[in-house]
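Single-structure report; data block below.
Numbers restart at 1 for each chain; the letters A, B, ... are given by sequence-line order, proteins then strands. Bear in mind the structure is a predicted one, so any value in this text is a computation, not a measurement.
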There are 2 protein chains.
Amino acid sequence: MVRKITMAELARRAGVDVSTVSRALNGSPLVKKPTKKLIMELAKETGYVVNATARDLRKQTNQMLGIVIPLSSESDQSISDPFFLEMVGAVSHAASEQGYDLIISTPKDNNQIAERNLLLTGRAEGLIVIGQAGRTNRLNEAGLADKNIIVWGGETGDHDYTLVGSDNFNGGRLATEHLLSLGRKRILFVGETTLPEVALRFEGFRAAHNDRNCTTDDALILPVNFGGQTAYDSLRKFVASNKEFDAIFAASDVLAIACIQALQSLGKSVPKDISVVGYDNVGLARLTTPALTTVDQNIERGGKIMVDLLIKKIRGDSIQSQVVETSLIVRRSSIPE
Amino acid sequence: MVRKITMAELARRAGVDVSTVSRALNGSPLVKKPTKKLIMELAKETGYVVNATARDLRKQTNQMLGIVIPLSSESDQSISDPFFLEMVGAVSHAASEQGYDLIISTPKDNNQIAERNLLLTGRAEGLIVIGQAGRTNRLNEAGLADKNIIVWGGETGDHDYTLVGSDNFNGGRLATEHLLSLGRKRILFVGETTLPEVALRFEGFRAAHNDRNCTTDDALILPVNFGGQTAYDSLRKFVASNKEFDAIFAASDVLAIACIQALQSLGKSVPKDISVVGYDNVGLARLTTPALTTVDQNIERGGKIMVDLLIKKIRGDSIQSQVVETSLIVRRSSIPE
DNA sequence: TTTGCTGTTGCAATCGTTTGTATTTTATTT
DNA sequence: AAATAAAATACAAACGATTGCAACAGCAAA
């Protein structure tokens, strides 16, 4: 490997001090025009590029954000869940628009390490954490809550960190209302209600029933984590148990799609026999057959909000938790004709 | 913000020199047990964490890889294409297994800048570039080809960089053979044959025809870029033109799914009327209705190969371009009963 | 010619580590 | 107890930039 050229080398060649080179390269008005030009040319000629590490050390800053996706084994959700990936894409977009680069970290259950590493070592100036992954107090305990961190997730009431998330309660309510208004009576809730976000969606589910003086049946809860395969198997088993239901509200699109698959595999028609509504509105929801009715988490917007908030925080402004509006996207999977 | 504690501060409190602190924290055998213990405790107590930037500068290394996804406007492919996102996930996984963090960069058409920034400034020790995005010689021109770079893409013959990619020719051949063996006669090729990867798949497509002494019909090419919506519209228009065909081989899963949608919207049945085969085997291919027959790019494996190669290169070993085997995943979308 | 500007440049400290070498302390041997 | 070896620690120089301040040039005014 060719030894990389440094500023000192450039200075030597130009016959000036490194400070002059530095100023020239940074467009300082302190440098005379011809000198500046000479240095610029020399830099281009030699292919000089500033050493980011050195600059960062001196300036005590680096335009870096971190995103960590803690995949707890309990949620069984994987990095390949389109929701995560789309969120990474959205955050990446937003960050690059603000001139920040993004470090992505996907630890596997070894709790705080990733957050600590990225943030405290100063590799990133701020951190975005996607999902509480069932360990709500992890950040509190790590003493990281007051740092430059934004968490995407569901409101739990007992956190110290800044939280951004969709309006899970309202989302659940909208979806359920939709199904009830379609004349569906017995709606199966598919999702792990111990996870904060899912719990809120479930509350919205109940609220919608109450609004219409409908009752919910505790037998109509299928507690599955975020893994698609588990949902598929569980639902088939559930159907075999002959409990009656005419609609499904699933806590994620992946879950919903798995449910549709399971139903179709048993000869049931969606949406004729059973209406299905999902949650997230990932890109592929539009592409399933039938296209999936779902609650839009507005991933692109959520990512942007998180990045903007985080950068504000980094700059020293005070910021507040924020809720991203959700809306129902009605497609074919719920409409029985 | 609380001033961050430094090694010097720690040394002061422990009453030793910073060099001793450094060695203690790094587990050097040069420091006495009790001293080490004292320093460790002090570090834990004060929440000290090493400053990564300083360490990187001194050690002339940082455990960082970069991944850049150049989204040329011509390909109309976006970061939200599940293939890209899954690749990011796979690379992230592989990198973290090797103790590397990953910087993700998604420039929008401003060519070399991202590569230069990441690699030459030393922010990343190596770079993975996903897709040549139609600008095959970009890297060659940027004089980056001999650097620590791995490109994911299709073999073009005239590149200087290390290339990893699926066996596009064989993939195209496999898919086509499958359709022909099913008795399909007029297969529509959907994809932009000017892109290197697609061109190779198309060659495989022709080769399979030749193998069976079938002819290909140039009218049966639908040149669409990677955008799903365009494919949907184009195919509907194509069908309206009444050219006869009984199968589709699409250059990506997103394209294939869009085609299925378009066909269904026109009342055609997949796979009864028309067999469809995709390319990529993204996660959602299994979840469509009917499930998608597709060529497996083996994304997880490809990502791992790239990371492993790249790290070898960084270590100074010499490496070579590599082809990832492809295989056909047969699902329902192609089998007419 | 001297004084005083203004505009350029150089000097040197600094950011927070790591690491080769010198120096001190402790243990071992005679 | 003195000499010597071994173990533990301190010193100081890097790494490659940025930046406050001092120094020096050239030029105009006195």
4.5 Å side-chain heavy-atom contact, B:Gln297 and B:Val324: no
Determine whether B:His93 and B:Val307 make a side-chain contact, defined as any pair of heavy atoms from C-beta on separated by less than 4.5 Å. no
Between C:dC15 atom C1' and B:Leu57 atom CG, what is the distance in whole Å? 9 Å
Within less than 4.0 Å of OP1 or OP2 of D:dA17, is there a side-chain N or O belonging to A:Tyr48? yes
What's the closest nucleotide to the side chain of B:Asn51 if the choices are C:dT17, D:dG16, D:dT18? C:dT17
Does any part of the side chain of B:Val18, heavy atoms only, come nearer than 4.5 Å to the side chain of B:Thr6, both counted from C-beta? no
Return yes if some donor-acceptor pair links the side-chain N/O of B:Asn62 with the main-chain N/O of B:Gly122 below 3.5 Å, else return no. yes
Distance, rounded to the nearest Å, where A:Ile5 contributes CD1 and D:dC15 contributes P: 15 Å
Answer yes or no: does a side-chain N or O of A:Gln60 lie under 4.0 Å from OP1 or OP2 of D:dT18? no
Rounded to whole Å, the CZ-C1' distance (A:Arg58 to C:dT17) equals 16 Å
Base of D:dT18, side chain of A:Arg55 - is there a donor-acceptor contact under 3.5 Å? no
How long is the line joining NZ of A:Lys4 and P of D:dC15, in whole Å? 15 Å
Is there a residue in residues 27-38 of chain B whose heavy atoms reach under 4.0 Å of DNA chain C, and which residues are they? none
For residues 30-37 of chain A, please give each side-chain donor-acceptor pair under 3.5 Å, one per line with the distance, not counting sequence neighbours.
from: A:Lys36; atom 1: NZ; to: A:Ser28; atom 2: O; distance (Å): 3.0

Rounding to a whole Å, what distance do you find between A:Arg12:CZ and D:dG16:C1'? 16 Å
Determine: side-chain N/O of A:Asn26 to OP1/OP2 of D:dT18, distance under 4.0 Å, yes or no. yes
Atom-pair distance (CD on B:Glu9; P on C:dC15), nearest Å: 13 Å
Under 3.5 Å: donor-acceptor pair, side chain of B:Glu86, backbone of B:Gly283: yes
Side chain to side chain, A:Ile311 and A:Tyr100, heavy atoms closer than 4.5 Å: yes
Could you tell me whether the side chain of A:Thr46 reaches within less than 4.5 Å of the side chain of A:Arg13, counting heavy atoms only? yes
Any non-hydrogen side-chain atom of A:Thr61 less than 4.5 Å from a side-chain atom of A:Lys59? yes
Under 4.0 Å between a side-chain N/O of A:Thr6 and OP1 or OP2 of D:dA17, yes or no? yes
Kindly state which residues belonging to residues 16-25 of chain A come within less than 4.0 angstrom of DNA chain C, counting heavy atoms of the residue only, listed by number. A:Val16, A:Asp17, A:Ser19, A:Thr20, A:Arg23
